[in-house]
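To start, the structure itself, in structure tokens.
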There are 2 protein chains.
Amino acid sequence: MSSLVDVAQAAGVSVSTASRVLTGSSHPISAKTRARVIAVAEELGYSPSALARALVSRSSRLMGVLVSDIVNPYFSVIARGVDDVASRAGYVTMLCNVDRRTTTEITRVRTMRDYRAAGLIFAGSGYVDDPREPELAKAVRQAQEQGIHAVSLTARDIGCRVIAADARAAAYDVTDYLISLGHRRIAFIEGPEGMVATQQRRDGFLACMENADLADGAQCLPGGFDFEAGHAAAMRLIAHPPLPDAVVAVNDEAAVGALSALRQAHIDVPGEISVAGIDDLRVSRFVGLTTVSLPLYEMGAMAARHIIDTPPEAAAGAAETTVLSHRLIPRETTARRRPARA
Amino acid sequence: MSSLVDVAQAAGVSVSTASRVLTGSSHPISAKTRARVIAVAEELGYSPSALARALVSRSSRLMGVLVSDIVNPYFSVIARGVDDVASRAGYVTMLCNVDRRTTTEITRVRTMRDYRAAGLIFAGSGYVDDPREPELAKAVRQAQEQGIHAVSLTARDIGCRVIAADARAAAYDVTDYLISLGHRRIAFIEGPEGMVATQQRRDGFLACMENADLADGAQCLPGGFDFEAGHAAAMRLIAHPPLPDAVVAVNDEAAVGALSALRQAHIDVPGEISVAGIDDLRVSRFVGLTTVSLPLYEMGAMAARHIIDTPPEAAAGAAETTVLSHRLIPRETTARRRPARA
DNA sequence: TTGTATGCGTTATCAA
DNA sequence: TTGATAACGCATACAA
């Protein structure tokens, strides 16, 4: 409860002097005074108000991160990347779950603005032709004009810096790998309807199939980002034989769901059918899922570092895009295509 | 960038009037003035400084949550519970990963204090005989004296309110279930050395075994909270036959690791051996793991609600304990003990 | 090396 | 119904 004036008084110095020693200012202070102030501050249990500090210095050490749902490992890994570099730099990360709702994103952006956050990280993807996107873009612009850095971790048209992996290429690459294993008829389990991330990954899949002259063997199934969606999609596949040679899901969680459904139906994976995903979550290692590794942790870390290292004046700067590389991780759920049983 | 004075000036009113309009105060304001202020604020893109507001009102709408690692689903579910009620009440949640380090917890508590957080939630467990605990308790006390509510989600002796499940009873109950299925020789995969959570769960296991006169059949294996630890523990079990009738792990993640190791070794679960965990994470449903459901989301939500609903004056109040109920969830990794093969 | 004074953006008290 | 004005806790430009 004691403030700087209390400390100053008790130490018999002026507030400025107290401030200078407590902030570790380079301003010259006699060793004696310094020691006394520090001792008094400690004794009084002085806690410098980060609020007042941010107010007067016109810059906070707050970092906002907007995720769809922190329970989703895709996002929690990103959040961890953000917080690791943020906390190491003396920043505090503010977490916002937006449940993929653009309107919620807008309100959160405003809140982050009210807190004069140093930066704002959009971890989740947007929607195709989202009518709310202009409003979000406006909120972002207003934040930027205030010196708040905005970074998106997916390709997104809201006028901010983008640090992301190439989702389309990632999908292309797993598909290509499956084709290289001899698979011809491949099913793609899609993500949530209308999301850009869904579209990009589907596009990558389709482009690869077409380039391999396998467009006829391509099949897209409605799905979703979660286990249940992948499970359901696979069930539909099972219900309508013949099974494709392989299935690639929009992400690992759906892939694991599909895998689970197939094995429950006593279908041999990868013997009868190969399964692959995208993201390379922790769980994927455990189940041996072939996937594409995306640098999620690094994306969060890089975004945070960018925010910390770039002066506020540059917040409204050019919305450059940094594309991070991904990597195919072949594991045990995929195998060379088995010749058809006679 | 425009402040309340800018808005007031542009609207031709005093700051007080502008403030009253913009805060939705009950103070009477003429409709005309109100409309004008609102219009001007909108036009100027006015964003009220939450910092200044907190400074003058001496109470912020910041909620701190300390987790071991947000990537761990146990904690992300808690964090989600916290943020859901926090954000709905207009609070912002500040996330801190402390990696189970008491010293990091201490510094984070101080940081939360500097931000004048409304509350502080300790999601993770502490250590037995932790030499740093007094220092942490002191930091907590200082925070409380400032009106900051502290809540621990595990039994923890740091002088704050506890809202937690009965870990010991949870472990007791799974063990009891296993025994009821006819199992006699049961192994327990422990958590990280020295953690209170580990101790409590082990205690519950041992107490149950003793009560069933099965102390001789009880076996404790060093393990950990993660997949790898469970996997390794199961490997050790496999390496030293005969296998016990069942294994209960300190938590679900370790249980899944054990399950995975056993099945990799072509050991039939639950045919040859039953496996159970504690926590009831999402993954447990997917793999059909028998476990004990802990109200993690509710714990986070309740803690947040408590903080929001209790006036700051009561922060230093009695450190009551609320014990939440758990529930056994029998699934497919456990089965009645099979008579020994002749 | 230390101190004084000003302002950061709000809310709230007290007048008018 | 509206308006001055005093805090809130701190950093810093300017003096001394």
Side-chain angles (χ1 to χ4, degrees), chain A residues 1-38 40-41 44-62 90 111 113-118 146-148 312, chain B residues 1-38 40-41 44-62 90 113-118 146-147 312:
Chain A
M1 248 323 262
S2 49
S3 70
L4 199 53
V5 293
D6 299 323
V7 175
Q9 251 164 12
V13 299
S14 70
V15 252
S16 26
T17 302
S19 171
R20 292 195 262 252
V21 351
L22 262 14
T23 53
S25 148
S26 63
H27 198 102
I29 298 278
S30 80
K32 216 177 60 182
T33 310
R34 158 165 289 121
R36 189 147 32 93
V37 171
I38 291 179
V40 170
L44 261 50
Y46 170 68
S47 155
S49 168
L51 264 23
R53 212 170 247 190
L55 184 60
V56 63
S57 72
R58 303 158 146 297
S59 76
S60 82
R61 298 202 151 211
L62 259 18
T111 302
R113 190 153 86 100
D114 293 348
Y115 276 97
R116 307 298 187 253
Q146 220 165 92
I148 298 179
Chain B
M1 246 327 262
S2 48
S3 72
L4 200 53
V5 295
D6 299 324
V7 174
Q9 251 165 11
V13 298
S14 70
V15 255
S16 353
T17 302
S19 171
R20 291 196 263 252
V21 171
L22 266 11
T23 53
S25 146
S26 64
H27 197 102
I29 297 279
S30 82
K32 217 176 60 183
T33 312
R34 159 165 289 123
R36 190 148 32 94
V37 171
I38 291 179
V40 170
L44 263 49
Y46 171 68
S47 154
S49 167
L51 265 23
R53 212 170 247 189
L55 183 60
V56 64
S57 71
R58 302 156 147 301
S59 76
S60 82
R61 299 203 149 210
L62 260 16
R113 188 154 87 101
D114 293 348
Y115 276 97
R116 306 299 186 254
Q146 221 165 91

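Convention: sequence-line order gives letters A, B, ...; per-chain numbering from 1.
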> Is a side-chain donor-acceptor pair under 3.5 Å present for A/Ser14 with A/Ser16?
Replying inline: yes
> Picking from A/Ile29, A/Leu4, A/Val21, what satisfies side chain to side chain contact (heavy atoms under 4.5 Å, CB included) with A/Val37?
Replying inline: A/Val21
> Any sub-3.5 Å donor-acceptor pair from A/Arg58's side-chain atoms to A/Leu55's backbone N or O?
Replying inline: no
> Taking the side chain from B/Ser19 and the backbone from B/Val15, do they hold a donor-acceptor pair closer than 3.5 Å?
Replying inline: no
>> Looking at A/Arg20 and A/His27, would you say the former's side chain and the latter's main chain have a donor-acceptor pair under 3.5 Å?
In response: no
> If you walk 5' to 3' along DNA chain D, what is the first nucleotide with an atom under 4.0 Å of a heavy atom in chain B, and what is the last?
Replying inline: D/dT1 to D/dG9
>> Return a single string for nucleotides 8-16 of chain C, one symbol per nucleotide in 5' to 3' order, where B is base contact, S is sugar-phosphate-only contact and - is none, cutoff 4.0 angstrom on heavy atoms.
In response: BBBBBB---
>> Closer than 3.5 angstrom, by distance alone: can the side chain of B/Ser60 be matched with the main-chain N or O of B/Ala54 as a donor-acceptor pair?
In response: no
>> Can you give me the closest heavy-atom contact between B/Ser47 and A/Gln146, atom names plus distance?
In response: CB-NE2, 4.1 Å
